[in-house]
Amino acid sequence: MLLQSLASFYLLAAATFAVPAQEKRVHHHTDLSDRVHDDAHDFQYDHEAFLGKEEAKTFDQLTPEESKDRLAKIVDRIDTDKDGFINHAELHYWIKHRQRRYIEENVNKHWRDYDKNQDDKIAWGEYKNTTYGYYLDEEFDDIEDKATYKSMLTRDERRFKTADRDGDGIATREEFTAFLHPEEFDYMRDLVVKETIEDIDKNGDGKISLSEYIGDMYTLEEGESEPEWVQTEKKHFTDFRDANQDGYMDFSEVAHWILPGEVDHADNEAKHLIHETDTNKDGLLTLSEMLDKLDFIKISTITDYGAMEVDGHDEL
């Protein structure tokens with residue numbers, strides 16, 4: 001069943017990669033949002049950045065009074081020094097906190113599936129048997145595209161062994177987090193780059209050509225004209241991605257593309273939210289200012305889409 005879920009995931013990923021999403025492979029650590037940051041159309045990116053991606057399913061269903069009450073409790077938690085104002089540092093910390101919580105919850109969800117003997121560790125055998133066990137004896141012979149599944153197994157094993165820093169074949173919770181979210185760990189950085197190149201490099205020469213780069217995002221159908229964004233991406237490849245101008249993206253160029261570690265998107269989002277919400281432009285947010293922009297705030301990542309349990313045990 002887990003293997004079938006993985007297959008569905010890979011098909012979904014393929015469908016996702018067919019649309020013009022120029023930044024789809026770029027890792028900014030945990031994504032603030034899956035949405036495009038375009039305030040001209042809607043504020044969904046900001047909503048998800050403020051509220052959190054996974055828990056934000058209920059805020060829109062609250063009455064205006066319930067929304068105000070929920071936001072007041074959230075603002076009180078963000079205001080750690082209790083001076084009645086939210087400054088940039090507090091807001092930045094909060095958004096980072098929401099990012100970390102998403103990762104923790106994702107790891108906890110999978111941990112229950114794979115830690116079969118409940119020893120608070122996951123051995124490679126536990127992961128492999130839970131994910132692929134039904135098919136292993138037959139070498140995937142009853143699966144139509146068995147080469148794909150064999151490749152998935154090989155890739156999973158390599159990633160597991162890379163995440164397993166002490167090499168004992170058993171993942172601690174931190175090592176399993178690195179397995180599931182390798183972009184969050186510096187020691188997994190090279191593997192993330194390698195996996196990306198393998199995904200896009202169709203001829204197996206270890207580098208990415210312009211046609212492979214574009215082909216990862218778009219395939220021109222017969223009778224169809226090439227979208228304008230494709231020309232833009234071709235220019236990006238030539239002018240920026242291929243830094244040494246040899247016609248290919250090598251390992252270091254791919255790393256620079258997909259892992260722009262110098263960009264702190266939580267910091268940028270905090271600045272953006274203050275800019276949009278700070279009515280008197282003093283650089284600080286009050287509850288009244290945020291209530292005035294409730295439609296802007298209420299679905300953002302700060303409140304996990306409004307579903308955050310402010311009266312529970314969600315501690316900072």
Side-chain angles (χ1 to χ4, degrees), residues 28-39 42-109 177 181 183-184 261-316:
H28 301 305
H29 298 288
T30 308
D31 293 337
L32 296 181
S33 171
D34 294 326
R35 307 278 185 159
V36 175
H37 200 174
D38 184 1
D39 291 344
D42 61 45
F43 299 117
Q44 284 299 122
Y45 182 100
D46 303 292
H47 295 330
E48 295 182 10
F50 189 81
L51 299 166
K53 290 199 299 182
E54 290 302 315
E55 300 177 15
K57 309 301 181 186
T58 63
F59 211 104
D60 279 347
Q61 301 173 6
L62 300 177
T63 67
E65 288 306 312
E66 288 172 333
S67 297
K68 292 176 182 179
D69 181 63
R70 181 73 64 89
L71 182 59
K73 292 176 180 178
I74 293 169
V75 167
D76 182 63
R77 293 189 54 191
I78 299 173
D79 179 21
T80 54
D81 62 9
K82 304 305 178 187
D83 65 352
F85 300 94
I86 293 177
N87 58 40
H88 172 267
E90 290 170 328
L91 189 54
H92 181 216
Y93 178 84
W94 176 262
I95 294 174
K96 295 289 284 187
H97 166 65
R98 303 317 305 163
Q99 290 177 294
R100 290 192 300 271
R101 183 177 172 186
Y102 163 73
I103 291 175
E104 290 169 2
E105 291 178 345
N106 181 254
V107 170
N108 289 339
K109 176 183 176 182
T177 302
H181 299 275
E183 69 281 354
E184 298 292 321
E262 74 280 359
V263 180
D264 186 342
H265 289 268
D267 178 69
N268 289 342
E269 179 62 14
K271 291 175 181 174
H272 175 68
L273 287 168
I274 290 174
H275 174 76
E276 294 293 337
T277 313
D278 179 21
T279 306
N280 65 4
K281 303 304 177 185
D282 64 352
L284 302 170
L285 299 183
T286 63
L287 175 59
S288 62
E289 285 176 323
M290 297 181 81
L291 288 174
D292 286 341
K293 296 290 183 72
L294 186 59
D295 287 340
F296 178 86
I297 289 294
K298 69 179 182 181
I299 347 174
S300 118
T301 51
I302 300 183
T303 58
D304 279 335
Y305 300 101
M308 193 191 78
E309 292 293 335
V310 292
D311 296 320
H313 300 287
D314 178 18
E315 298 296 334
L316 290 172

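- Put simply, CD1 on Ile78 and CD on Glu90 are 8.5 Å apart, with the number rounded to the nearest 0.5 Å.
- Of all heavy-atom pairs spanning Gly84 and Asp79, the tightest one is N-OD2, 2.9 Å.
- A cation-pi arrangement is not found for Arg77 relative to Tyr93, the charged atom failing to lie both closer than 6.0 Å to the ring centre and inside a 45° cone about the ring normal.
- His92 approaches Ala266 most closely through the heavy-atom pair CD2-C, 3.6 Å.
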Exercise for review: Would you sort out whether Thr177 and Glu184 count as a side-chain contact (heavy atoms from CB on, under 4.5 Å), showing the intermediate values?
Suggested key: CA-CA 9 Å; Thr177 302; Glu184 298 292 321; 6.0 Å; no
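- Heavy atoms only, all atoms of each residue included: His181 and Tyr102 are closest at CE1-CE2, 4.3 Å.
- In this structure, Arg70 and Glu66 have side chains that are not in contact, with every pair of non-hydrogen atoms separated by 4.5 Å or more.
- Looking at Asn108, its side chain does come within 3.5 Å of a backbone N or O of Glu104 through a donor-acceptor pair.
- The CD atom of Glu269 lies 10.5 Å from the CG atom of Asp267; values are rounded to the nearest 0.5 Å.
- Pairing each heavy atom of Asp278 with each of Asn280, the nearest pair is OD1-OD1, 2.9 Å.
- Without hydrogens or angle criteria, Lys281 side chain to His275 main chain gives a donor-acceptor distance under 3.5 Å.
- Smallest separation of non-hydrogen atoms from Leu273 and Thr277: O-OG1, 2.7 Å.
- To the nearest 0.5 Å, the span separating OG1 on Thr286 from CZ on Phe85 amounts to 7.0 Å.
- The OG1 atom of Thr279 sits 8.5 Å away from the CG atom of Leu285 when rounded to the nearest 0.5 Å.
- Atom CD1 of Ile86 is separated from atom CG of Asp76 by 9.0 Å, given to the nearest 0.5 angstrom.
- If you take CG on Asp282 and CD on Glu289, they are separated by 6.0 Å, rounding to the nearest 0.5 Å.
- Taking the side chain as every heavy atom from C-beta outward, Lys73 and Asp69 approach each other to under 4.5 Å.
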